[in-house]
Number of protein chains: 2
Amino acid sequence: MSQAAKRKTADAPAFPKPGHNHAHCTKEALRKAEAICAARKTKLTDIRRQVLEAVWRSHVPVGAYDILAQFNAGGGRVAPMAVYRALEFLMDNGLVHRIASLNAYIGCAHMGADHHAAQFLICRSCGTTAELESAPLNRALTQAVAARGFTIDSQIVEIIGVCPHCRDAS
Amino acid sequence: MSQAAKRKTADAPAFPKPGHNHAHCTKEALRKAEAICAARKTKLTDIRRQVLEAVWRSHVPVGAYDILAQFNAGGGRVAPMAVYRALEFLMDNGLVHRIASLNAYIGCAHMGADHHAAQFLICRSCGTTAELESAPLNRALTQAVAARGFTIDSQIVEIIGVCPHCRDAS
DNA sequence: TTGAATATGTTATAACATAACATTATACAC
DNA sequence: GTGTATAATGTTATGTTATAACATATTCAA
Ligand SMILES: [Zn+2]
Ligand SMILES: [Zn+2]
Ligand SMILES: [Zn+2]
Ligand SMILES: [Zn+2]
């Protein structure tokens with residue numbers, strides 16, 4: 001394998017496939033979340049874990065009220081605040097991202113990498129959303145912003161399009 | 001002037017200054033909007049023009065209900081739908097952009113350039129928001145996305161930070 | 001001039017998010 | 001263990017953003 005190919009692969013992990021073993025994604029996410037909270041001495045309480053699990057049900061961003069509906073499906077009585085507070089905790093701890101263009105939330109695919117500067121690919125066909133993580137893109141962005149004399153705090157990068165699996169299926 | 005400096009200048013137009021002649025910005029925007037609508041054979045009706053003017057009151061993105069409040073300040077009775085419909089028209093015609101991270105709207109700084117793929121710098125201090133328009137950034141983004149097998153439809157790029165004027169003032 | 005398309009008016013409601021304050025749980029010093 | 005401070009959750013209400021559905025008016029061309 002060439003160096004170029006290696007770099008490309010490193011920059012471009014696979015887009016989540018329709019039939020993949022998602023139980024594994026979820027299990028890993030929960031495991032890492034426990035580890036991160038332990039390391040940070042923050043508490044992954046019941047409701048926070050449940051919200052994290054709800055967010056990891058799939059690779060499609062989920063709305064706060066969708067999570068709420070899941071909780072209350074069996075006659076529960078959870079209030080919106082509880083969900084929003086859990087989401088805030090999870091975002092503060094780098095376990096979940098908010099997708100601004102969808103008003104929805106998704107599990108962080110790079111827990112522990114300490115990036116509050118994620119970039120997303122959002123399939124408008126299946127909804128699957130993946131983190132991009134491209135070093136060249138980050139460099140270009142940093143440079144373009146600096147050239148304008150602007151000091152960057154945070155960023156929202158959400159690319160809407162069609163994922164490879166939906167493209168191949170059509 | 002060197003080629004490099006020219007390129008940099010071309011890539012990095014000035015961030016809107018606090019004391020600039022904003023009446024000129026507004027006037028130009030309205031003039032271009034008329035021209036674009038004429039060319040596209042779409043109608044810049046009264047309410048649409050008024051919403052466009054409201055959006056151009058400053059370089060700070062404005063919320064739909066803020067626009068509504070302006071209209072109704074003198075005892076008017078405009079409904080939210082009217083504002084949202086006008087905004088939809090203006091966005092469809094490339095005259096206004098939505099800032100997803102703020103749920104707010106801003107006049108397009110490059111009318112006629114046919115870019116539904118704008119990128120924004122948002123000052124968290126003064127609120128001033130400018131379009132970025134960086135060719136290297138666009139190239140990096142296109143390439144990073146293509147490397148993932150993703151077909152891009154549209155993008156949301158919003159960089160939050162501190163503008164040069166606020167930085168210098170602090 | 002009449003019919004189709006476009007634009008606006010009107011009412012209601014959906015969808016997303018936070019404020020404010022009460023209560024309960026946890027941890028830690030004493 | 002007891003008190004006490006902090007963190008977490010519960011509860012109620014409300015704020016904010018956006019759209020659905022249907023009625024009416026305007027425009028424009030055949
Ligand atoms: Zn998965
Ligand atoms: Zn897809
Ligand atoms: Zn101006
Ligand atoms: Zn500023």
Side-chain angles (χ1 to χ4, degrees), chain A residues 33-34 37-38 40-55 60-73 75-93 95-106 122 127 129 156 158, chain B residues 33-34 36-38 40-55 60-73 75-93 95-106 122 127 156 158:
Chain A
E34 298 278 8
C37 288
R40 299 185 50 146
K41 301 196 198 306
T42 56
K43 277 169 275 192
L44 191 61
T45 60
D46 273 355
I47 189 163
R48 289 166 178 173
R49 188 194 331 273
Q50 284 165 30
V51 169
L52 185 60
E53 284 170 359
V55 158
V60 178
V62 58
Y65 277 77
D66 291 339
I67 297 170
L68 189 65
Q70 281 183 37
F71 288 175
N72 291 340
R77 48 179 73 260
V78 176
M81 271 312 301
V83 173
Y84 278 104
R85 286 204 275 235
L87 286 169
E88 184 183 22
F89 171 89
L90 294 169
M91 286 191 290
D92 287 348
N93 285 271
L95 307 177
V96 159
H97 294 289
R98 180 167 195 273
I99 306 296
S101 61
L102 300 175
N103 294 327
Y105 305 82
I106 190 164
I122 305 170
T129 295
I156 292 167
E158 299 172 11
Chain B
E34 298 277 8
I36 287 165
C37 289
R40 299 185 50 147
K41 300 195 199 308
T42 56
K43 277 169 272 189
L44 190 62
T45 59
D46 274 355
I47 189 163
R48 289 167 179 174
R49 187 194 331 271
Q50 285 164 30
V51 168
L52 185 58
E53 284 170 359
V55 158
V60 179
V62 59
Y65 278 77
D66 291 340
I67 296 169
L68 189 64
Q70 281 184 36
F71 287 176
N72 291 340
R77 46 182 72 263
V78 175
M81 269 313 299
V83 172
Y84 279 104
R85 281 181 186 142
L87 286 170
E88 183 182 23
F89 171 88
L90 294 168
M91 287 190 290
D92 287 348
N93 285 270
L95 307 177
V96 160
H97 294 289
R98 180 168 194 273
I99 306 297
S101 60
L102 301 175
N103 294 327
Y105 304 83
I106 191 166
I122 305 170
I156 292 167
E158 299 173 11

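Computed from heavy atoms alone, side chains included, the values below leave out hydrogens, waters and symmetry copies. Letters go in sequence order (proteins before strands), and every chain restarts at 1.
- An OP1 or OP2 oxygen of C/dT8 is reached within less than 4.0 angstrom by a side-chain nitrogen or oxygen of B/Arg48.
- A/Gln70 pairs by the side-chain hydrogen bond (donor to acceptor under 3.5 Å, both in side chains) definition with A/Arg57, not counting sequence neighbours.
- Panel note: side chain A/Thr129, backbone A/Gly127; a donor-acceptor pair is recorded below 3.5 Å.
- Across the protein-nucleic acid pair, A/Asp46 atom CG and D/dG10 atom C1' stand 15 Å apart, rounded to whole Å.
- When only modelled atom types and interatomic distance are considered, A/Asn93 and A/Arg40 share a side-chain donor-acceptor pair under 3.5 Å.
- Between B/Gln50 atom CD and C/dA7 atom P the separation is 16 Å, expressed in whole Å.
- Without hydrogens or angle criteria, A/Glu158 side chain to A/Ala100 main chain gives a donor-acceptor distance under 3.5 Å.
- Each of B/Leu102 and A/Thr45 was assigned the nucleotide of DNA chain D with the nearest heavy atom; the assignment lying further toward the 5' end belongs to A/Thr45.
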Nucleotide N/O to protein N/O under 3.5 Å, stretch nucleotides 19-28 of chain D:
from	atom 1	to	atom 2	distance (Å)
D/dA21	N6	B/Arg85	NH2	3.3

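- B/Met91 has its side chain within reach of B/Arg98: a pair of non-hydrogen atoms, C-beta onward, lies under 4.5 Å apart.
- For A/Asp92 and D/dA8, the CG to C1' distance is 14 Å, given to the nearest whole Å.
- A heavy-atom distance below 4.5 Å is found between the side chains of A/Thr42 and A/Phe89.
- OP1 or OP2 of D/dA18 lies within a sub-4.0 Å distance of a side-chain N or O belonging to B/Asn103.
- Of the possible donor and acceptor atoms, none in the side chain of A/Arg48 sits under 3.5 Å from a partner among the backbone N and O of A/Ala86.
- When rounded to the nearest whole Å, the span between CG of A/Leu68 and P of D/dG10 equals 12 Å.
- If you measure from atom CD1 of B/Ile99 to atom C1' of D/dT17, you get 16 Å, rounded to the nearest angstrom.
- Across the protein-nucleic acid pair, A/Ile47 atom CD1 and C/dT24 atom P stand 17 Å apart, rounded to whole Å.
- Counting to the nearest Å, the P atom of D/dT17 and the CG atom of B/Leu87 are 12 Å from each other.
- What separates CG of A/Asn72 from C1' of D/dG10 is a distance of 13 Å, to the nearest Å.
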